[in-house]
Amino acid sequence: MGKTVYIIGLGLIGGSIALAIKRDHPDVHIIGYDINKNQCSLAEKIGVIDECSETKLPDLEHVDVIFISTPVEETLKIIRELKDVKLKKGVIITDVGSTKEKIIQCAEQELSDREIVFIGGHPMAGSHKSGVVAARPHLFENAFYIFTPTEKVPAEKIEELIDLIKGTKANFIELSPVEHDQITGVISHFPHIVAAGLVFQAEKYEEKFPLVKRLAAGGFRDITRIASSNPAMWRDILIHNRNSLLELFDDWIEEMNRLKEFVAKEQGDELFSYFNNAKQYRDELPEKQKGAIPSFYDLYIDVPDYPGIISEVTGYLAKEEISLTNIRIIETREEIYGVLRLSFQTERDRENAIKCISKYSDYETFIV
């Protein structure tokens, strides 16, 4: 008889974890709960879970591992509620929150007097789609899956959890909660702040220059994509990672003042060095590795601008059962070629799309 797993929250992350477990451990019985009853029912219907729970925290004495796959604020609430729930001795409880210090502190405070093993977790992968229908067993493939266990957590319990979710094919690493929050602050949380700031700046200047919105439709819209993320989620992240972000605000202001000084004094050599060093560091970043911000797997296609071109291209992809997350025509002009941008959920889907387009047409594809 395999383990019994309970997943609270059946969105993209919770659903993908369930599918990854099923892929490697078909004998594991997965029970799920979601505040949206339809979401839970759908998850059972399409085989993501084996059973729906009618209540969030039923008697869980038979459950071996509990995944809390909810926003950070709800995760904290659930941890506090678990204090009064019947649990199996030695049960592993883990979460998927993108901030860790407050979650670990809460678990230590609320659950430390019980024979429970809490292992903070953060799978650093996502998608621009949401809901259980977007769940995929390969969502975390080549992504970092971070654990933030305390010193009290036995090594064998971490190994037990890794064995359960090894079907994710993620890269598992351990960090302290503080290290985690500082690193994600730099490479995920603060970039969202910068993107939102750039959007607000553009909106402000639109009052003076009405063309701003139209001209921002191309590259500016692309580089600020992450500003379209869930505002409630980012409100909570910024509050919970407050200490790391306040430090980053100071660092960023100092950095911008340094750059501002180069511009003010027309220091060409310093400006060249600044951008050259940034380029070199950026070019050395891993290309195939997934990081804290979901990658955009875009494919650009030169296509003739005539009615029906979108349905023609999507028809090719449908023949090969390749799923899209977004589609858009940009830079189109009458009687010349336009550029069709297709967005995919994974690099694998994009690679298959390139082969597909070349198989059915002579349209040129390229990646920016």
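Within the model, atoms NZ of K3 and NZ of K88 stand 8.5 Å from one another, a figure rounded to the nearest 0.5 Å. With values rounded to the nearest 0.5 angstrom, Q105 atom CD is found 11.0 Å from I79 atom CD1. A distance of 7.5 Å separates CD1 in I357 from OH in Y316, rounded to the nearest 0.5 Å.
Ion pair D95/K100 flagged as a salt bridge, since at least one NZ, NE, NH1 or NH2 atom sits closer than 4.0 Å to an Asp/Glu carboxylate oxygen. One finds no salt bridge joining K265 and E270 here, because no Lys/Arg side-chain nitrogen approaches an Asp/Glu carboxylate oxygen to under 4.0 Å. Using a 4.0 Å cut-off between charged side-chain N and carboxylate O, E81 and K56 make a salt bridge.
When atom types are taken as modelled, the side chain of S273 and the backbone of D269 share no donor-acceptor pair closer than 3.5 angstrom. Listed for the S358 side chain is a donor-acceptor partner under 3.5 Å among the backbone atoms of K355. Between the side chain of S311 and the main chain of G308, a donor-acceptor pair closer than 3.5 Å is present. Remark: side-chain polar atoms of R23 are paired, donor with acceptor, to backbone N or O of G167 under 3.5 angstrom. For T70 (side chain) and T75 (main-chain N/O), a donor-acceptor pair under 3.5 Å exists by modelled atom type. For the pair T94 (side chain) and I119 (backbone), a donor-acceptor distance under 3.5 Å is present. For the pair T168 (side chain) and A20 (backbone), a donor-acceptor distance under 3.5 Å is absent. In this structure a side-chain-to-backbone donor-acceptor pair under 3.5 Å is present from N36 to Q39. Using a distance-only test at 3.5 Å, with no hydrogens or angles considered, a donor-acceptor pair links the side chain of R114 to the main chain of K83. With hydrogens and angles ignored, the 3.5 Å screen pairs no side-chain donor or acceptor of T148 with any backbone N or O of P177.
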List the atom pairs, donor and acceptor, that lie under 3.5 Å between side-chain atoms in residues 42-49 and the rest of the protein, sequence neighbours left out.
none

Donor-acceptor pairs are to be reported for all side-chain atoms of residues 152-166 against protein atoms at under 3.5 Å, with residues two or more places apart or in another chain.
{"residue": "K157", "atom": "NZ", "partner": "G90", "partner atom": "O", "Å": "2.8"}
{"residue": "D163", "atom": "OD1", "partner": "K166", "partner atom": "NZ", "Å": "3.2"}

Give the table of side-chain donor-acceptor pairs shorter than 3.5 Å for residues 238-251, with sequence neighbours excluded, one pair per line with atom names and distance.
{"residue": "H240", "atom": "NE2", "partner": "E73", "partner atom": "OE2", "Å": "2.7"}
{"residue": "N241", "atom": "OD1", "partner": "S244", "partner atom": "OG", "Å": "3.3"}
{"residue": "N241", "atom": "ND2", "partner": "D181", "partner atom": "O", "Å": "2.9"}
{"residue": "N241", "atom": "ND2", "partner": "H189", "partner atom": "ND1", "Å": "2.9"}

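The ring pair (Phe, Tyr, Trp, His ring centres under 6.0 Å) search around Y205 returns none, not counting sequence neighbours. Listed by chain and residue number, H122 satisfy the ring pair (Phe, Tyr, Trp, His ring centres under 6.0 Å) test with H180 (two or more places apart in sequence, or in another chain).
Side-chain contact between Y274 and E255 is present, with at least one heavy-atom pair separated by less than 4.5 Å.
Within the structure, ring pair (Phe, Tyr, Trp, His ring centres under 6.0 Å) contacts touching residues 147-179 (residues at least two apart or in different chains) are Y145-F147, Y145-F172, F147-F172.
Checking N276, N277, D283 one by one against K279, the side chain to side chain donor-acceptor pair (under 3.5 Å) holds for a single residue, D283.
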